[in-house]
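Here's the structure, in structure tokens; my notes come after.
Start at 1 with the first residue, then count along the sequence.
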Amino acid sequence: MVTKAVRQAPLKVDPETDQLISQGAHFLGLTKKDLVAEAVRLYIEQRREDLRAGMVEAMQVLDGSLKADVMLLTGLTAEEIDAVGGVGE
């Protein structure tokens, strides 16, 4: 079996954030990479409900209808589209 190497992507942050990451990693005895990975996992875990709500909202928009396509492309709500005459589905 051939294992494909996973490409690691650089993370660009502002200098102030980089300083916080460096200090936090140093005093916690972690690498910067490990600190950021753990912090992101914890943040996502804490915001799980917000993430779920965003996913549900996105799925409602992406229902395959012409109106959904117009909503996605224009940023208009379904009500705003209906107010200007709809999309004639």
Side-chain angles (χ1 to χ4, degrees):
M1 181 167 90
V2 177
T3 304
K4 192 173 187 179
V6 177
R7 180 181 163 270
Q8 294 199 9
L11 177 65
K12 297 181 184 196
V13 296
D14 61 84
E16 183 179 333
T17 301
D18 184 56
Q19 185 66 30
L20 289 171
I21 293 168
S22 295
Q23 289 175 352
H26 173 75
F27 291 115
L28 292 171
L30 299 170
T31 64
K32 289 170 66 173
K33 176 180 157 182
D34 289 341
L35 175 67
V36 170
E38 185 175 339
V40 169
R41 278 192 295 275
L42 289 169
Y43 182 81
I44 294 297
E45 186 176 310
Q46 289 177 350
R47 304 282 311 265
R48 188 168 307 280
E49 185 54 36
D50 296 333
L51 185 61
R52 188 196 70 73
M55 291 167 60
V56 167
E57 183 179 333
M59 293 304 295
Q60 289 171 343
V61 171
L62 301 172
D63 67 2
S65 67
L66 179 58
K67 184 184 282 185
D69 291 343
V70 172
M71 289 169 61
L72 189 59
L73 291 170
T74 64
L76 296 172
T77 66
E79 293 77 20
E80 291 170 327
I81 292 170
D82 291 340
V84 296
V87 291
E89 290 189 61

Value rounded to 0.5 Å, distance of CD in Gln23 from NZ in Lys32: 11.0 Å
Spacing of NZ belonging to Lys67 relative to OG1 belonging to Thr77, to within rounding of 0.5 Å: 9.0 Å
Within 6.0 Å of CD in Glu38, more than 12 heavy atoms from elsewhere: no
Transitive ILVMFWY side-chain link Leu20 to Val40, under 4.5 Å: no
Value rounded to 0.5 Å, distance of CD1 in Ile44 from CG in Asp50: 10.0 Å
Spatial distance of atom CE (Met71) from atom CG (Leu66) [nearest 0.5 Å]: 11.5 Å
Residue among Thr31, Leu35, Leu30 satisfying side chain to side chain contact (heavy atoms under 4.5 Å, CB included) with Lys33: Thr31
